[in-house]
> 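This is the structure, below, for whatever I ask next.
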Amino acid sequence: MRHKLLVGNWKMNGSLAANVILLNGLKAAALKPERDIAVCVPAPYLAQCQSELSGSRIGWGAQDVSAHDAGAYTGEISVSMLRDFGCRFVIVGHSERRIYHGENDAMVAEKVQRALANGVTPIVCLGETLAEREAGKTAMVVCRQLDAVLAASGADDILGMVLAYEPVWAIGTGRTATPQMAQEVHALLRAQLAEKNPHAAGRVHILYGGSMRPDNARELLQMPDIDGGLIGGASLNAADFLAIADAA
Ligand code: PGA
(Lines give C-alpha, C1' and ligand atoms only; values in the text may rest on other atoms or scores of the structure.)
Protein backbone atom coordinates (compact mmCIF):
# COMPACT_ATOMS: atom_id res chain seq x y z
CA MET A 1 0.00 0.00 0.00
CA ARG A 2 1.50 3.32 -1.08
CA HIS A 3 0.79 6.23 1.27
CA LYS A 4 -0.17 9.39 -0.56
CA LEU A 5 2.66 11.88 -0.89
CA LEU A 6 1.91 15.57 -1.42
CA VAL A 7 4.86 17.79 -2.29
CA GLY A 8 4.68 21.55 -2.60
CA ASN A 9 6.88 23.11 -5.27
CA TRP A 10 7.27 26.74 -4.24
CA LYS A 11 9.23 27.57 -7.40
CA MET A 12 10.76 31.07 -7.11
CA ASN A 13 8.34 32.31 -4.48
CA GLY A 14 8.58 33.15 -0.81
CA SER A 15 10.26 35.46 1.68
CA LEU A 16 11.48 34.83 5.22
CA ALA A 17 8.38 36.54 6.59
CA ALA A 18 5.84 34.88 4.29
CA ASN A 19 7.42 31.45 4.75
CA VAL A 20 6.94 31.58 8.53
CA ILE A 21 3.22 32.04 8.06
CA LEU A 22 2.98 29.25 5.49
CA LEU A 23 5.14 26.78 7.46
CA ASN A 24 3.32 27.51 10.72
CA GLY A 25 0.03 26.90 8.94
CA LEU A 26 1.27 23.50 7.75
CA LYS A 27 2.72 22.57 11.14
CA ALA A 28 -0.52 23.41 12.92
CA ALA A 29 -2.52 20.94 10.83
CA ALA A 30 -3.37 17.51 12.14
CA LEU A 31 -2.09 15.30 9.33
CA LYS A 32 -3.58 11.89 8.86
CA PRO A 33 -0.96 9.19 9.39
CA GLU A 34 -1.31 7.83 5.87
CA ARG A 35 -0.33 11.17 4.27
CA ASP A 36 3.22 12.38 3.77
CA ILE A 37 3.77 16.00 2.98
CA ALA A 38 6.84 17.96 2.03
CA VAL A 39 7.83 21.31 0.57
CA CYS A 40 10.53 21.94 -2.05
CA VAL A 41 11.72 25.48 -1.54
CA PRO A 42 14.25 27.92 -3.03
CA ALA A 43 17.73 27.04 -1.74
CA PRO A 44 18.16 30.17 0.44
CA TYR A 45 15.19 29.01 2.52
CA LEU A 46 16.44 25.51 3.25
CA ALA A 47 17.98 26.62 6.55
CA GLN A 48 14.67 28.17 7.54
CA CYS A 49 12.82 24.95 6.69
CA GLN A 50 15.33 22.92 8.65
CA SER A 51 14.84 25.04 11.75
CA GLU A 52 11.04 25.35 11.39
CA LEU A 53 10.22 21.80 10.32
CA SER A 54 12.73 19.61 12.21
CA GLY A 55 10.78 17.32 14.50
CA SER A 56 7.54 17.84 12.54
CA ARG A 57 6.00 15.33 10.14
CA ILE A 58 6.67 17.64 7.21
CA GLY A 59 9.66 16.95 4.99
CA TRP A 60 11.53 19.47 2.89
CA GLY A 61 13.79 19.58 -0.10
CA ALA A 62 15.21 21.56 -2.99
CA GLN A 63 14.14 22.19 -6.57
CA ASP A 64 17.34 21.26 -8.36
CA VAL A 65 20.79 19.81 -7.68
CA SER A 66 24.11 19.86 -9.48
CA ALA A 67 25.23 16.79 -11.41
CA HIS A 68 28.71 17.40 -9.95
CA ASP A 69 30.07 16.64 -6.50
CA ALA A 70 31.98 19.84 -5.82
CA GLY A 71 34.30 22.33 -7.48
CA ALA A 72 34.32 25.14 -10.00
CA TYR A 73 30.63 25.26 -10.89
CA THR A 74 29.53 28.80 -10.10
CA GLY A 75 25.94 29.01 -9.01
CA GLU A 76 25.46 25.27 -8.59
CA ILE A 77 24.38 23.53 -5.40
CA SER A 78 25.68 20.06 -4.55
CA VAL A 79 23.75 17.21 -3.04
CA SER A 80 26.01 17.18 0.02
CA MET A 81 24.96 20.79 0.64
CA LEU A 82 21.33 19.72 0.44
CA ARG A 83 22.10 17.01 2.97
CA ASP A 84 23.68 19.57 5.30
CA PHE A 85 20.28 21.21 5.46
CA GLY A 86 18.37 18.00 6.06
CA CYS A 87 16.77 17.72 2.63
CA ARG A 88 14.85 14.53 2.06
CA PHE A 89 13.84 15.36 -1.51
CA VAL A 90 15.09 17.16 -4.57
CA ILE A 91 13.03 17.88 -7.68
CA VAL A 92 14.98 16.88 -10.79
CA GLY A 93 14.17 17.63 -14.42
CA HIS A 94 11.21 19.92 -13.84
CA SER A 95 9.94 21.14 -17.21
CA GLU A 96 10.87 24.72 -16.24
CA ARG A 97 14.49 23.54 -15.88
CA ARG A 98 14.29 21.59 -19.13
CA ILE A 99 12.77 24.54 -21.03
CA TYR A 100 14.52 27.59 -19.51
CA HIS A 101 17.82 26.03 -18.50
CA GLY A 102 18.43 23.59 -21.32
CA GLU A 103 18.39 20.45 -19.19
CA ASN A 104 18.22 17.37 -21.36
CA ASP A 105 17.45 13.74 -20.56
CA ALA A 106 21.12 12.88 -20.05
CA MET A 107 21.66 15.73 -17.56
CA VAL A 108 18.52 14.77 -15.68
CA ALA A 109 19.74 11.17 -15.47
CA GLU A 110 23.09 12.33 -14.03
CA LYS A 111 21.39 14.47 -11.41
CA VAL A 112 19.15 11.59 -10.42
CA GLN A 113 22.22 9.39 -9.93
CA ARG A 114 23.95 12.06 -7.86
CA ALA A 115 20.93 12.41 -5.57
CA LEU A 116 20.44 8.64 -5.19
CA ALA A 117 24.10 8.04 -4.42
CA ASN A 118 23.85 10.52 -1.57
CA GLY A 119 20.59 9.39 -0.03
CA VAL A 120 18.37 12.26 -1.20
CA THR A 121 15.17 11.15 -2.95
CA PRO A 122 14.94 12.58 -6.47
CA ILE A 123 11.46 13.57 -7.61
CA VAL A 124 11.94 12.94 -11.31
CA CYS A 125 9.64 15.08 -13.47
CA LEU A 126 8.35 13.78 -16.80
CA GLY A 127 5.80 15.26 -19.14
CA GLU A 128 4.85 16.21 -22.68
CA THR A 129 4.15 19.61 -24.21
CA LEU A 130 0.79 20.48 -25.73
CA ALA A 131 2.20 20.06 -29.25
CA GLU A 132 3.52 16.63 -28.35
CA ARG A 133 0.16 15.57 -26.88
CA GLU A 134 -1.72 16.83 -29.91
CA ALA A 135 0.66 14.95 -32.17
CA GLY A 136 -0.09 11.73 -30.25
CA LYS A 137 3.43 11.59 -28.86
CA THR A 138 2.71 11.61 -25.13
CA ALA A 139 3.67 7.99 -24.49
CA MET A 140 6.77 8.26 -26.62
CA VAL A 141 7.99 11.40 -24.85
CA VAL A 142 7.44 10.30 -21.26
CA CYS A 143 8.88 6.85 -21.92
CA ARG A 144 11.96 8.38 -23.55
CA GLN A 145 12.42 10.68 -20.54
CA LEU A 146 12.07 7.81 -18.07
CA ASP A 147 14.20 5.50 -20.16
CA ALA A 148 17.16 7.89 -19.91
CA VAL A 149 16.89 7.81 -16.13
CA LEU A 150 16.46 4.03 -15.97
CA ALA A 151 19.32 3.35 -18.35
CA ALA A 152 21.67 5.10 -15.94
CA SER A 153 20.25 3.30 -12.89
CA GLY A 154 20.62 -0.08 -11.31
CA ALA A 155 17.46 -2.13 -10.73
CA ASP A 156 17.47 -1.33 -7.01
CA ASP A 157 17.85 2.40 -7.60
CA ILE A 158 14.19 2.51 -8.56
CA LEU A 159 13.18 2.06 -4.93
CA GLY A 160 14.87 5.35 -4.08
CA MET A 161 12.98 7.44 -6.65
CA VAL A 162 9.71 9.29 -6.84
CA LEU A 163 8.31 10.07 -10.30
CA ALA A 164 6.11 13.04 -11.13
CA TYR A 165 4.03 13.11 -14.29
CA GLU A 166 3.58 16.77 -15.11
CA PRO A 167 2.06 17.52 -18.50
CA VAL A 168 3.70 20.81 -19.47
CA TRP A 169 0.43 22.23 -20.79
CA ALA A 170 -1.18 21.78 -17.36
CA ILE A 171 1.48 23.54 -15.30
CA GLY A 172 0.34 26.87 -13.95
CA THR A 173 -2.30 27.13 -16.67
CA GLY A 174 -5.42 26.12 -14.75
CA ARG A 175 -5.82 23.26 -17.28
CA THR A 176 -5.61 19.90 -15.55
CA ALA A 177 -5.28 16.50 -17.13
CA THR A 178 -8.47 14.52 -16.58
CA PRO A 179 -8.07 11.72 -14.05
CA GLN A 180 -8.30 9.20 -16.92
CA MET A 181 -5.64 10.98 -18.98
CA ALA A 182 -3.29 11.09 -16.02
CA GLN A 183 -4.02 7.51 -14.94
CA GLU A 184 -3.21 6.24 -18.42
CA VAL A 185 0.25 7.82 -18.32
CA HIS A 186 0.90 6.78 -14.72
CA ALA A 187 0.07 3.16 -15.56
CA LEU A 188 2.38 3.32 -18.54
CA LEU A 189 5.24 4.66 -16.41
CA ARG A 190 4.67 1.97 -13.79
CA ALA A 191 4.74 -0.72 -16.47
CA GLN A 192 8.04 0.70 -17.68
CA LEU A 193 9.44 0.56 -14.14
CA ALA A 194 8.24 -3.04 -13.87
CA GLU A 195 10.31 -4.05 -16.87
CA LYS A 196 13.39 -3.03 -14.90
CA ASN A 197 12.29 -4.19 -11.47
CA PRO A 198 8.82 -5.75 -11.06
CA HIS A 199 9.03 -5.80 -7.28
CA ALA A 200 9.99 -2.13 -6.98
CA ALA A 201 7.47 -0.85 -9.53
CA GLY A 202 4.57 -1.44 -7.16
CA ARG A 203 6.25 0.55 -4.42
CA VAL A 204 7.37 3.66 -6.30
CA HIS A 205 5.30 6.80 -5.82
CA ILE A 206 4.14 8.39 -9.06
CA LEU A 207 2.83 11.90 -8.40
CA TYR A 208 0.65 13.99 -10.68
CA GLY A 209 1.48 17.67 -11.15
CA GLY A 210 -0.18 20.43 -13.13
CA SER A 211 -2.84 22.76 -11.72
CA MET A 212 -3.81 20.40 -8.91
CA ARG A 213 -6.19 22.26 -6.61
CA PRO A 214 -8.52 21.48 -3.72
CA ASP A 215 -11.45 21.18 -6.16
CA ASN A 216 -9.86 18.66 -8.53
CA ALA A 217 -7.48 16.78 -6.23
CA ARG A 218 -9.90 14.15 -4.98
CA GLU A 219 -10.79 12.64 -8.33
CA LEU A 220 -7.17 12.63 -9.48
CA LEU A 221 -5.94 11.07 -6.25
CA GLN A 222 -8.56 8.34 -6.42
CA MET A 223 -6.96 6.84 -9.51
CA PRO A 224 -5.07 3.61 -8.77
CA ASP A 225 -1.68 4.74 -10.04
CA ILE A 226 -1.76 8.35 -8.82
CA ASP A 227 0.07 8.28 -5.52
CA GLY A 228 0.06 11.95 -4.69
CA GLY A 229 0.74 15.36 -6.14
CA LEU A 230 3.49 17.81 -6.98
CA ILE A 231 1.73 21.07 -6.35
CA GLY A 232 2.89 24.51 -7.44
CA GLY A 233 0.53 27.46 -7.09
CA ALA A 234 -1.82 25.85 -4.59
CA SER A 235 1.07 24.95 -2.25
CA LEU A 236 1.74 28.63 -1.54
CA ASN A 237 -1.37 28.81 0.60
CA ALA A 238 -1.46 26.53 3.66
CA ALA A 239 -5.25 26.07 3.56
CA ASP A 240 -5.24 25.04 -0.11
CA PHE A 241 -2.28 22.70 0.25
CA LEU A 242 -3.83 21.06 3.29
CA ALA A 243 -7.18 20.76 1.56
CA ILE A 244 -5.42 18.79 -1.19
CA ALA A 245 -3.74 16.60 1.44
CA ASP A 246 -7.16 16.02 2.99
CA ALA A 247 -8.63 15.05 -0.37
CA ALA A 248 -5.98 12.36 -0.72
P1 PGA B 1 1.14 24.15 -10.69
O2 PGA B 1 2.67 23.66 -10.80
O3 PGA B 1 0.51 23.33 -9.60
O4 PGA B 1 1.22 25.61 -10.36
O5 PGA B 1 0.51 23.89 -12.02
C6 PGA B 1 3.03 22.32 -10.64
C7 PGA B 1 4.51 22.17 -10.88
O8 PGA B 1 5.04 22.82 -11.79
O9 PGA B 1 5.20 21.40 -10.17
Side-chain angles (χ1 to χ4, degrees), residues 4-14 18-19 22 25-26 35-43 45 49 58-65 87-103 108 111-112 115 120-130 132-133 138 141-142 145-146 149 161-179 181-182 185-186 189 205-221 223 226-248:
K4 298 288 188 201
L5 170 65
L6 291 309
V7 180
N9 174 10
W10 289 8
K11 309 196 178 187
M12 198 172 71
N13 294 293
N19 302 347
L22 179 47
L26 299 181
R35 312 267 179 290
D36 284 326
I37 76 170
V39 289
C40 287
V41 306
Y45 300 133
C49 283
I58 303 163
W60 62 93
Q63 300 172 5
D64 183 32
V65 66
C87 288
R88 193 172 135 207
F89 296 104
V90 62
I91 297 172
V92 179
H94 191 281
S95 60
E96 287 151 17
R97 304 268 344 149
R98 293 179 191 256
I99 295 166
Y100 305 134
H101 300 274
E103 291 193 13
V108 172
K111 290 179 176 202
V112 168
V120 176
T121 301
I123 300 176
V124 186
C125 297
L126 315 160
E128 81 288 3
T129 63
L130 185 59
E132 287 163 343
R133 174 160 284 267
T138 299
V141 170
V142 297
Q145 291 172 335
L146 180 56
V149 169
M161 298 178 192
V162 169
L163 304 186
Y165 169 54
E166 296 208 311
V168 177
W169 48 270
I171 294 176
T173 57
R175 265 185 86 176
T176 317
T178 65
M181 277 159 100
V185 177
H186 283 229
L189 295 173
H205 280 84
I206 307 181
L207 314 182
Y208 168 79
S211 298
M212 192 183 262
R213 297 179 306 268
D215 64 337
N216 61 23
R218 185 176 301 273
E219 47 173 6
L220 284 160
L221 293 167
M223 303 310 281
I226 302 186
D227 307 314
L230 182 57
I231 300 139
S235 74
L236 299 174
N237 174 293
D240 285 349
F241 189 39
L242 291 167
I244 294 173
D246 266 350

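Because only heavy atoms are used, hydrogens play no part in the values below, and waters and symmetry mates are left out as well, while side chains stay in. Here the structure is a predicted model, which means the values were calculated and not measured. Whatever order the structure lists them in is the order used to number ligands and atoms, beginning at 1.
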> Heavy atom under 4.0 Å from ligand 1: found in Ala170's side chain, backbone, both, or neither?
backbone

> Just checking, any donor-acceptor pair under 3.5 angstrom between side chains of His94 and Glu166?
yes

> Has Gly172 got any heavy atom lying under 4.0 angstrom from an atom of ligand 1?
yes

> What do you reckon, does Ile231 have a nitrogen or oxygen under 3.5 Å from a nitrogen or oxygen of ligand 1?
no

> Has ligand 1 got any nitrogen or oxygen that is less than 3.5 angstrom from a nitrogen or oxygen of Ile171?
no

> Would you mind reporting whether Ile99 and Val168 have side-chain heavy atoms less than 4.5 Å apart?
yes

> With a 4.5 Å cut-off on side-chain heavy atoms, are Pro179 and Ile226 touching?
no

> Taking Lys11 as the fixed residue, which of Leu236, Val41, Ile171 is the one that meets the side chain to side chain contact (heavy atoms under 4.5 Å, CB included) rule?
Ile171

> With nothing but distance in play, are any N or O atoms of Glu166 less than 3.5 Å from an N or O of ligand 1?
yes

> Can you list the atoms of ligand 1 that are under 4.0 Å from a heavy atom of Gly210?
5 (O)

> Does the side chain of Tyr208 reach to within under 4.5 Å of the side chain of Val185, using non-hydrogen atoms?
no

> Got the closest protein heavy atom to atom 4 (O) of ligand 1, with its distance?
Gly233 N, 2.9 Å

> Can you find an N or O of His94 that's nearer than 3.5 Å to an N or O of ligand 1?
yes

> What residues form a salt bridge (Lys or Arg N to Asp or Glu O under 4.0 Å) with Arg35, not counting sequence neighbours?
none

> Look at atom 3 (O) of ligand 1 and say which protein heavy atom is nearest, naming residue and atom and giving the distance to 0.1 Å.
Gly232 N, 2.8 Å

> Using a 4.0 Å cut-off to any heavy atom of Lys11, which atoms of ligand 1 qualify?
2 (O), 7 (C), 8 (O)

> Considering only heavy atoms from C-beta outward, does the side chain of Val108 approach that of Arg98 to under 4.5 Å?
yes

> Could you establish whether Ser211 and ligand 1 come within less than 4.0 Å of each other, counting only heavy atoms on the residue side?
yes

> Among Val90, Val124, Val65, which residue satisfies the side chain to side chain contact (heavy atoms under 4.5 Å, CB included) criterion with Val112?
Val124

